[in-house]
A.B. asks: 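Below are the structure tokens for one structure; questions will follow.
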2 protein chains.
Amino acid sequence: MARKSSETSPVRRGRPPAYDVQTALKRATESFWKTGYSGTSLDKVAAATGMSPPSLYAVFGNKHALYLEALARYWDISLAATREALTGDHPLDEALMLAYDAALSVYFSGKGHARGCFVVGTAVTETAEDAAIRKSVATGLRAIDADFEARFRLAQDKGELKRDADPATLAILAAATMHTIAIRARAGTSRAELRELARKAVDVICG
Amino acid sequence: MARKSSETSPVRRGRPPAYDVQTALKRATESFWKTGYSGTSLDKVAAATGMSPPSLYAVFGNKHALYLEALARYWDISLAATREALTGDHPLDEALMLAYDAALSVYFSGKGHARGCFVVGTAVTETAEDAAIRKSVATGLRAIDADFEARFRLAQDKGELKRDADPATLAILAAATMHTIAIRARAGTSRAELRELARKAVDVICG
DNA sequence: AGATATTTGTATGGATCGTTATAAAAATCA
DNA sequence: TGATTTTTATAACGATCCATACAAATATCT
């Protein structure tokens, strides 16, 4: 569900906003990505976005709603990237590696230390006590599982995979590989080592 | 490295401490487990432990040192549990399931909502900006990997595993399965479903 | 131009943050 | 008993937290 922006009246009335909402959301995401939801103050977000606190509240509601929107945006982007890698016309093992490469380029996209996955690195912590964040995470995880499973099912139909393999189980292992990469990236493992890890995991998963 | 406790002089001089350090550390761990490091104030920890803030500082130093000690204690306990499961005299698949069952009973040990893994649920968030926590997490992850790998190597020697299997790669997949369980438990997946997930993953991993 | 509408920056409110000063309380020592 | 040692509870410190009141700024409308 996208934020309303240009579908409002073509000519707006008062003083024009000084900052673009989407880039502000991106900057806010980067702030939360570093130090988590609880560990990131709204002042930090304001500094990162260049917006004043009142503007942030006018646009996003409050800190919690802002984080939820950042989380939804991250899911949108990363689910699309995973799906694109898996639905392209590549052999099974290549498709899986494309998905992991896409994830790695996100996990190592920051300036300083590797940030890992935004969900695993910041949202999972909040899921224990925050129902809204928990729901977003649970839904996203199911979507990833489904995308992997669909690809394995297709592979089985095309004869890329043994008949007795269980696509649902292989999907769990493929997702688990993604998750362990997300954790390890944030914990300091190098990108090269993680890519090798993915390569070996793919070899086992594809049989 | 254990905290000094009873190896001091048998007869101590001043007013005796009212609370046991180990149980206080356990209570503090449970506080952080719910809402994470940044999301848990020292007042909350004080309320959970029954200790006053000055007592907490006298015993543990500060909030950061207290969390690090809680993290070290958690690693000690969970690594010991995993190692016990894997080094017992069981067939490979049974040993792996014992390890996952041990983890599950920890992840679902709380009163309210499932807490998942303390490391994945609270420490990973901090690893991006906190070098000390990152080091603890990295070391612990390597230890888990090594324990799994040793068990797979043993299985290969005993003929439980195919000759061409790579113990290091299987260890990564076994650890990845543990990690995805840790994430999903905190995100709301039921214990029964996670056990089934583990069962299927073990079947694939063991070939 | 004047009225209206919307965003902006500043400044701050009340609560909570991590941490510590202080003195009373409770033990052993002489 | 009185001095010494250690822990305790209370209270508060300055800093920071999330959130908002307010008025100046900047646009379109009549």
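FYI, side chains are in, hydrogens and waters are out, and symmetry mates aren't considered; it's all heavy atoms of this structure.
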A.B. asks: If only atom types and distance count, is the side chain of B/E160 paired as donor or acceptor with the main-chain N or O of B/L92 below 3.5 Å?
C.D. replies: yes
A.B. asks: Just to verify, what does B/W75 make a ring pair (Phe, Tyr, Trp, His ring centres under 6.0 Å) with, not counting sequence neighbours?
C.D. replies: none
A.B. asks: Scan nucleotides 11-21 of chain C nucleotide by nucleotide, 5' to 3', and note B when protein non-hydrogen atoms come under 4.0 Å of the base, S if they reach only the sugar-phosphate, - if neither.
C.D. replies: ------SSBBB
A.B. asks: For B/S31, which residues count as a side-chain hydrogen bond (donor to acceptor under 3.5 Å, both in side chains) partner, sequence neighbours excluded?
C.D. replies: none
A.B. asks: Hey, does B/A18 reach any base, or is it just sugar-phosphate, or nothing, if we go heavy atoms under 4.0 Å?
C.D. replies: sugar-phosphate
A.B. asks: Respond yes when some side-chain nitrogen or oxygen of B/S55 is under 4.0 Å from OP1 or OP2 of D/dT8, and no when none is.
C.D. replies: yes
A.B. asks: For a quick check under 3.5 Å, do A/S55 and A/S52 share a side-chain donor-acceptor pair by atom type?
C.D. replies: yes
A.B. asks: Determine whether a donor-acceptor pair (N or O, by modelled atom type, separation under 3.5 Å) exists between the side chain of A/R27 and the backbone of A/T49.
C.D. replies: no
A.B. asks: My understanding is that only residues two or more places apart in sequence, or in another chain, count here; which of them pass side chain to side chain contact (heavy atoms under 4.5 Å, CB included) with A/L197?
C.D. replies: A/T177, A/T180, A/I181, A/R184, A/L194, B/I172
A.B. asks: Distance-only, no hydrogens or angles: does the B/T122 side chain make a donor-acceptor pair with backbone N or O of B/V119 under 3.5 Å?
C.D. replies: no
A.B. asks: Provide, to the nearest angstrom, the distance between the CG atom belonging to A/L56 and the P atom belonging to C/dT6.
C.D. replies: 20 Å
A.B. asks: Sequence neighbours excluded and cut-off under 3.5 Å, please list the side-chain donor-acceptor pairs for residues 93-100 of chain A, or say none.
C.D. replies:
from, atom 1, to, atom 2, distance (Å)
A/Y100, OH, A/A174, O, 2.7

A.B. asks: Protein within reach of the bases, or only the backbone? For nucleotides 24-30 of chain D, mark each nucleotide 5' to 3' as B, S or -, using heavy atoms under 4.0 Å.
C.D. replies: -BBBBS-
